[in-house]
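Letters A, B, ... are given to chains in the order of the sequence lines, protein chains preceding strands, and every chain is numbered from 1.
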Number of protein chains: 2
Amino acid sequence: MRAVNSAGFAAPAGLTALPVVLAPVAGKLHVLLVRREEEPRAGMWSLPGGFMSGDERPEETAQRKLTEKTGVGAVYMEQLQTYGDPRRDPRGWIPSVAYLGLIDAAVLRERGSAARWFPVDALPPLAFDHAAVIADGVERLRGKVWWSNIAVGLLPEQFTMPQARRVFEAISGVTYEPSNFRRGLEQSGLVRATGRVVKNGPGRPAALYEFVDRQPAWSTRRSRVPATVRAAETS
Amino acid sequence: MRAVNSAGFAAPAGLTALPVVLAPVAGKLHVLLVRREEEPRAGMWSLPGGFMSGDERPEETAQRKLTEKTGVGAVYMEQLQTYGDPRRDPRGWIPSVAYLGLIDAAVLRERGSAARWFPVDALPPLAFDHAAVIADGVERLRGKVWWSNIAVGLLPEQFTMPQARRVFEAISGVTYEPSNFRRGLEQSGLVRATGRVVKNGPGRPAALYEFVDRQPAWSTRRSRVPATVRAAETS
DNA sequence: TAAATAGTGTCTTTAAGACATTATCGC
DNA sequence: GCGATAATGTCTTAAAGACACTATTTA
């Protein structure tokens, strides 16, 4: 499969959007996969990508493909990177622009769709280079979760500290000491108490928190802009 | 300008590589720009990009275009992101894959080429969305410089602490207290002393350091994988 | 009241910022 | 010796980890 544009330059045979949709399920980070219905690699598990059409922005394509194949949209979507090796797809030169999508796991429950959640540390054989793409998505999420409000995409509008803690634990794969977790998240400046509490069964009721910002934002905690505070004179 | 591939899908009219080449010059971070020779936007300053050919990997194209237009290659090159809005280029749907390139500023000295260094905080009017692309490159460099050995691309093989400090200061735009800078860089685990020293003029001779790793690597300092060390049991 | 869960307080260790002091060069 | 530059040491503050303790619910 080849393509040439009207000016004679080589052009890709197509451009695909490739959403890596992550969510914590049962305490572990999972990724959403679908079975490929067409050749090549028909029957294999893969990310729910698809061709871009050139009349919408790439993020829109990623969202649309996701919705078409799963019935839901992601709460959060950001670009990861582009995989453009000409030999990555046997059909020809087809670069993929990968996206990281996050979704409140409670929303999507594999409702008969072709999509299924797999733990990111126990993936089935995957088509193309999708295993590497997933690894990049997981790394991005782990790297940002404490420094940005990216977890907006994984928690309900209001949540308790233990709830947030379980989500963070699923993401990073470590166990947080509850009081230190609380202190860390409060000092991040990303969340605030709503004043409300919820009671679930026995135990002290939990206070409800919410994100200060639901648009992408960074923690107020210095992300290594240390140095003597005397900023270099901006000449 | 349009393109259609042999399977009938819409395809981009072309795919360009867009290197954002940064280097500290005279204590300030600069970016390498060229004058556009062709329409559209002929005569405007722009990043030294060019069309990918489909027979090389995108990073190779970025390096090649850079070398063609400036006579030198970057020491370090990593992908930033892809700008794929169909309306970003008046010629048609032409996504650009942006790369961050780093170079030892001493190497390239605008040797009559069409390329020129501009301070990143005093850019001329730029073609297309290149101003935003440069901003993304600068942000990536600033965000990584303390946490990875990305500065390998900006320093000679062996360097002194004051030398490294000046580079870091140019990147971040702040002034570091020398002894704290030294401690921070040493504790990063990224560099080691070679045992050699250099004398330049008056003053105590400076010890030479080198990067432990010249391939991309992360600082050993915890990048917020805090939590109780008892990692969650990997089941 | 006991078990369960949430939240508070505090002690210790480590990293970061400020700054004084010492070391080694050219002249 | 003196000025210049590099390197070391130390005091203070703030963040991170461990852990004991208190609070509020259901049964």
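Straight-line distance from the CZ atom of B:R204 to the P atom of C:dT24: 6 Å, rounded to whole Å. Between B:L185 atom CG and D:dA6 atom P there is a gap of 15 Å when expressed in whole angstrom units. Between the P atom of C:dT5 and the CG atom of A:N200 lies a distance of 10 Å, rounded to the nearest Å. Here the P atom of nucleotide C:dG17 and the CZ atom of B:F181 are 13 Å apart, to the nearest Å. Rounded to a whole Å, the CZ atom of B:R196 is 20 Å from the P atom of C:dT24. Note: CE (A:M161) to C1' (C:dT8) measures 13 Å, nearest angstrom. One atom, CD of B:Q163, and another, P of D:dT5, lie 15 Å apart when rounded to the nearest Å. Taking atom NZ of B:K199 as the reference point, atom P of D:dA7 lies 14 Å away to the nearest angstrom.
Side-chain atoms of A:R166 and A:Y176 include no donor-acceptor pair closer than 3.5 Å.
Other residues, nucleotides and ligands contribute only 12 or fewer heavy atoms inside 6.0 Å of the CD atom of A:E157.
Ionic pairing of A:R140 and A:E78 is present here: one or more N-O contacts between side-chain nitrogen and carboxylate oxygen are shorter than 4.0 angstrom.
Listed nucleotides D:dA6, D:dT25, D:dG17 differ in distance to A:N180; the shortest reach to its side chain belongs to D:dG17. Proximity note for B:A207 (side chain, C-beta onward) versus D:dA7, C:dG7, D:dA18: the nearest is D:dA7. Side-chain atoms of B:R183 lie closest to D:dT10 of the nucleotides D:dT26, D:dT10, C:dC25. Here the nucleotide nearest the side chain of A:E177, chosen from C:dG26, D:dT5, D:dA18, is D:dA18.
Residues A:G203 and A:R182 both approach DNA chain C. Their nearest nucleotides, taken by heavy-atom distance, put A:G203 toward the 5′ side. Between B:Y209 and B:P202, it is B:P202 whose nearest contact on DNA chain D lies nearer the 5' terminus. When the nearest nucleotides of DNA chain C are assigned to A:P162 and A:S179 by heavy-atom distance, the more 5′-ward of the two goes with A:P162.
Shown here are the side chain to side chain contact (heavy atoms under 4.5 Å, CB included) partners of B:K65, two or more places apart in sequence or in another chain: B:T61, B:E68.
Residues B:F181 and B:M161 share a closest heavy-atom pair of CE2-O, 3.7 Å.
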